[in-house]
2 protein chains.
Amino acid sequence: MPSRSERSLADRISAGGRRLTPQRVLVARALADARRALSAQELYDRLHTTQPRLGRATVFRALEAQVQDGMARRLERSGHVSVYVACDPEHHHHLVCERCERVEDLDEKLLQPLLRSVDSRYGFHVNHTALDIYGLCASCRRASRKAAG
Amino acid sequence: MPSRSERSLADRISAGGRRLTPQRVLVARALADARRALSAQELYDRLHTTQPRLGRATVFRALEAQVQDGMARRLERSGHVSVYVACDPEHHHHLVCERCERVEDLDEKLLQPLLRSVDSRYGFHVNHTALDIYGLCASCRRASRKAAG
DNA sequence: TTGACAATGATACTCGGTCTCAACTAGCCT
DNA sequence: AGGCTAGTTGAGACCGAGTATCATTGTCAA
């Protein structure tokens with residue numbers, strides 16, 4: 001039942017001062033439903049099968065708009081293609097599971113001590129931080145423990 | 001007088017089980033001397049003027065090798081081109097000044113508390129983290145304060 | 001309803017980065 | 001020193017993610 005999230009998706013698109021188009025909703029919903037990081041191309045491939053009229057450039061533009069409006073974040077993986085994750089405005093850092101590829105939000109409060117010491121120790125004034133933590137999420141960890149032991 | 005750093009550059013290249021070629025030394029030294037993040041293309045442009053025989057692919061390969069050997073780190077900026085910073089093996093996170101583009105190493109110890117709480121709170125097993133902090137370095141901060149006040 | 005202007009879709013294009021392959025050379029072995 | 005061989009180089013073709021262009025379409029405020 002996507003009523004609530006559906007609603008807020010549309011709201012958030014409009015809130016950015018953008019026109020509410022079916023394509024943008026489509027892309028936003030697909031990304032949110034995926035609950036993991038996807039590249040623009042992956043997203044396009046998925047959507048294009050059921051929406052043959054959807055253009056590739058539109059997907060790129062919609063994702064870029066989402067990033068600007070704080071609805072998504074672009075992760076620059078060590079590979080080379082950018083991948084996108086849906087996120088809410090106050091979560092900009094993620095725990096990325098390398099096994100199941102699920103993405104979890106990191107509580108921003110956990111970063112505060114680090115940022116404070118960067119300021120006090122280096123005299124560095126922080127504007128923004130790019131932090132992504134890669135590893136094994138709790139459930140994959142349990143699974144691998146069970147398999148091993 | 002680059003004797004010491006020169007020496008260790010060569011050592012570190014060989015230590016990776018790689019052949020010590022003039023090209024690799026060239027690239028490594030240029031990156032280390034820059035003391036800021038540079039894209040492969042920028043590095044190529046700089047070197048190519050004085051070393052016309054140096055190939056573009058060679059620069060890309062040398063940088064990639066440096067990353068693998070822990071001599072450099074690739075920063076995936078929000079733009080799209082990767083930029084590289086020289087770094088020593090135990091520093092993998094950086095403070096990047098948005099004004100002067102200088103790059104400073106972050107003391108890894110400052111990260112420990114964060115990583116511990118990620119483990120205890122989310123049950124997430126950290127493999128590696130990508131952290132880059134953007135803002136104003138101490139000297140640019142002073143300069144802008146002086147100019148403002 | 002209508003009209004202005006943002007958004008779309010198709011496609012050409014840019015350009016970072018990789019691949020290929022013949023020529024070369026660092027480093028080892030004798 | 002001389003030779004061998006596998007790793008490396010350089011040149012350029014190639015790939016593919018992302019962008020620009022532009023005619024067409026659709027949103028939404030008036």
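The sequence lines fix the lettering, A, B, ..., with proteins before strands; numbering per chain opens at 1. Just so it is clear, the model here is predicted, and its values are computed rather than measured. When reading the values below, keep in mind they use all heavy atoms of this one structure, side chains included, and skip hydrogens, waters and symmetry mates.
As a whole-Å value, the separation of B/Arg74 CZ from C/dG16 P is 15 Å. The distance from atom OH of B/Tyr44 to atom P of D/dG10 is 9 Å, rounded to the nearest whole Å. Spacing between atom CZ of B/Arg53 and atom P of D/dG10 amounts to 7 Å, rounded to whole angstrom units. If you take CG of A/Leu47 and P of C/dT8, they are 13 Å apart, rounded to a whole angstrom. In this structure, A/Arg24 atom CZ and C/dG9 atom P are separated by 11 Å, rounded to whole Å. Going from atom CD1 of A/Ile13 over to atom C1' of C/dA7 covers 13 Å, rounded to whole Å. Taking atom CG of residue A/Asp45 and atom P of nucleotide D/dG16, one finds them 13 Å apart after rounding to whole Å. Rounded to whole angstrom, the span from the CG atom of A/Asp69 across to the P atom of C/dA7 amounts to 10 Å.
Between the SG atom in B/Cys137 and the CZ atom in B/Arg142 there is a gap of 8.0 Å [rounded to 0.5 Å].
Toward the 5' end of DNA chain C, the nearer of the two residues A/Gly17 and A/Pro52, judged by each one's closest nucleotide, is A/Gly17.
With hydrogens and angles left out, the side chain of A/Arg56 and the base of D/dG18 share a donor-acceptor pair within 3.5 Å.
The nucleotide whose nearest atom lies closest to any side-chain atom of B/Gln23 is, among D/dG10, C/dT18, C/dA10, D/dG10. Of the candidates D/dT8, C/dG16, C/dG9, the closest approach to any side-chain atom of B/Gln41 belongs to C/dG16. Among C/dA7, D/dA11, C/dG9, the nucleotide with an atom closest to any side-chain atom of A/Arg18 is C/dA7. Candidate nucleotides D/dG18, C/dG17, D/dT9 were compared by shortest atom distance to the side chain of B/Thr58, and D/dT9 ranks first. If you check D/dT9, C/dA26, D/dT19 against the side chain of B/Leu20, the one that comes closest is C/dA26.
In terms of the salt bridge (Lys or Arg N to Asp or Glu O under 4.0 Å) criterion, A/Asp105 has no residue partners (sequence neighbours excluded). For A/Arg121, the salt bridge (Lys or Arg N to Asp or Glu O under 4.0 Å) partners at least two apart in sequence or on another chain are B/Asp107.
Hydrophobic cluster membership for B/Val126: A/Leu95, A/Leu106, A/Leu110, A/Leu111, A/Leu114, A/Leu115, A/Val118, A/Tyr122, A/Phe124, A/Val126, A/Leu131, A/Ile133, B/Leu95, B/Leu106, B/Leu110, B/Leu111, B/Leu114, B/Leu115, B/Val118, B/Tyr122, B/Phe124, B/Leu131, B/Ile133 (Ile, Leu, Val, Met, Phe, Trp, Tyr linked by side-chain heavy atoms under 4.5 Å, directly or transitively).
Ionic pairing of A/Arg24 and A/Asp69 is not present here: no N-O contact between side-chain nitrogen and carboxylate oxygen is shorter than 4.0 angstrom.
The side chain to side chain donor-acceptor pair (under 3.5 Å) contacts involving residues 49-58 of chain B comprise B/Gln41-B/Arg56, where partners must be two or more places apart or lie in separate chains.
Here the side chains of B/Ile13 and B/Gln66 are not in contact, with every heavy-atom distance at 4.5 Å or above.
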Close N/O contacts between protein and nucleotides 20-26 of chain D (under 3.5 Å):
| unit_1 | atom_1 | unit_2 | atom_2 | d |
| --- | --- | --- | --- | --- |
| D/dG26 | N2 | A/Arg19 | NH1 | 2.5 |

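With no hydrogens or angles considered, no side-chain donor-acceptor pair links A/Glu104 and A/His94 at under 3.5 Å. Counting only N and O atoms by type, the side chains of A/Gln68 and A/Arg18 include a donor and acceptor under 3.5 Å apart.
Summary of helix geometry: the two end axes of the helix from C/dT1-D/dA30 to C/dT30-D/dA1, each defined by five base pairs via their C1' atoms, are inclined to each other by 50° (rounded to 10°).
Formation of a donor-acceptor pair under 3.5 Å by the B/Arg73 side chain with backbone atoms of B/Ala86 is not found in this model.
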